[in-house]
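For reference, the structure discussed in these notes is given below.
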Amino acid sequence: YLKRVAMGRGVKWRQAQVLDLELDSSNARVRGLRIQNESAAMPVDFLVDASGFARVALGKTYKTPWRPLNRHSFLDRAIPFHLPPTKPNPALTTRALAMNAGWMWQIPLQERVGCGYVFSSEHLSENAAVEEIEARLGQSIVPMATLKFSAGHFEDVWVGNAMAVGLASGFVEPLEATSIGQMLGQVAAFGDAVVSSDGIVPMSTVRTFNRRNAMDWEGIRDFLRMHYDVKRRDTPFWRDV
């Protein structure tokens with residue numbers, strides 16, 4: 001839908017494999033995208049990097065400082081899996097179940113229930129996590145590839161003429177869809193910054209944007225931490241957290 005609306009407004013859509021970014025040697029701004037099987041770079045005025053964990057702009061190219069949140073969030077692994085639907089019509093709510101070293105999500109869809117166990121690798125191995133899931137559910141599962149992540153975010157998400165969004169800018173555990181909420185807030189703030197500056201954005205606005213974005217991450221950090229401020233002490237994870 002968004003693609004159709006955008007193209008109706010004159011946006012050109014192209015599917016290609018971006019290998020690298022080409023920088024202007026005089027100001028270190030992105031001037032082009034190196035595309036697979038093409039000799040000439042695709043010109044760039046402004047880049048929105050949504051490259052996910054590849055983090056092509058801020059991580060690979062600019063080596064932007066990373067702000068880890070592992071002192072506040074121990075969770076760094078997730079094992080996704082699917083369950084068959086339990087009834088003809090899916091439930092309208094997602095479940096978050098406390099586990100021995102983290103929590104498990106259950107998202108009802110029309111054709112299946114999307115599930116996963118987010119846990120701390122310091123407190124639980126992957127094999128033990130699968131065993132705990134099966135014991136909790138009373139049935140065997142077919143786990144997908146384990147997702148490994150480091151909770152945190154880049155100190156600045158807007159650098160020069162490049163801005164990273166979503167996983168390319170940072171990531172925390174998916175509790176309460178906080179990463180999606182942060183991304184939507186960042187995109188809205190970016191639109192406001194561009195519109196209010198009539199397209200000529202001063203560096204002071206960029207610095208303010210980055211500072212407020214970092215404050216948003218800090219709010220998410222504190223919000224997530226509140227979920228673990230409980231009296232449970234029955235496992236090493238809950239005692240440490």
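We use all heavy atoms of the structure for the numbers below, so side chains are in, but hydrogens, waters and symmetry mates are not.
Around the CE atom of Met215, the shell of radius 6.0 Å holds no more than 12 heavy atoms that belong to other residues, nucleotides or ligands. Around CD of Gln110, the count of heavy atoms belonging to other residues, nucleotides or ligands within 6.0 Å does not exceed 12. The neighbour count for Ile180 CD1, taken as heavy atoms of other residues, nucleotides or ligands under 6.0 Å away, does not exceed 12. Atom CZ of Arg95 sits in a sparse spot, with 12 or fewer heavy atoms from other residues, nucleotides or ligands closer than 6.0 Å.
Of the possible donor and acceptor atoms, none in the side chain of Ser51 sits under 3.5 Å from a partner among the backbone N and O of Ala54. In terms of modelled atom types and a separation under 3.5 Å, the side chain of Arg55 and the main chain of Leu167 share a donor-acceptor contact. In this structure, the side chain of Gln106 does not engage the main chain of Val113 through any donor-acceptor pair within 3.5 Å. Between the Asn210 side chain and the Trp158 main chain, a donor and an acceptor come within less than 3.5 Å of each other. The backbone N or O of Arg233 lies less than 3.5 Å from a partner atom in the side chain of Arg239, making a donor-acceptor pair.
In summary, Arg77 and Glu122 do not engage in a salt bridge, as defined by a charged side-chain N under 4.0 Å from a carboxylate O.
Considering Trp238, Phe74, Phe223 in turn, Trp238 is the only one that fulfils the ring-ring contact (aromatic ring centres under 6.0 Å, His included) rule with Tyr228.
In plain terms, the two heavy atoms of Leu23 and Ala28 that are nearest each other are CD2-O, 3.9 Å. Taking every heavy atom of both residues into account, Tyr62 and Ala162 meet most closely at CE1-CB, 4.3 Å. Across Val157 and Phe209, no two heavy atoms sit closer than the pair CG2-CE2, 3.8 Å. What you find for Glu173 and Ser73 is that their closest heavy atoms are OE2-OG, 3.5 Å. Listed here is the closest heavy atom pair of Ala193 and Val201: O-CG2, 4.2 Å. Gln186 and Ala164 make their closest contact through NE2-O, 2.8 Å (heavy atoms, listed as atom of the first residue, atom of the second, distance).
Hydrophobic clustering places Leu58 together with Val30 (ILVMFWY residues linked when any side-chain heavy atoms are closer than 4.5 Å, directly or through intermediates). When hydrophobic clusters are built by joining Ile, Leu, Val, Met, Phe, Trp and Tyr residues whose side-chain heavy atoms come closer than 4.5 Å, directly or via intermediates, Leu97 is not grouped with Met226. Both Trp103 and Phe171 are assigned to one and the same hydrophobic cluster, defined by single-linkage of ILVMFWY side chains at heavy-atom distances under 4.5 Å.
A donor-acceptor contact closer than 3.5 angstrom is absent between the side chains of His72 and Arg225. Under 3.5 Å, the side chains of Gln17 and Asn37 contain no donor-acceptor pair of N or O atoms.
For an aromatic pair to be called close, the ring centres must be under 6.0 Å apart, and Trp217 with Phe154 fails this.
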**Thr146 and Glu126: CA distance, side-chain angles, deciding distance, side-chain hydrogen bond (donor to acceptor under 3.5 Å, both in side chains) verdict** = CA-CA 8 Å; Thr146 299; Glu126 294 180 23; 3.0 Å; yes

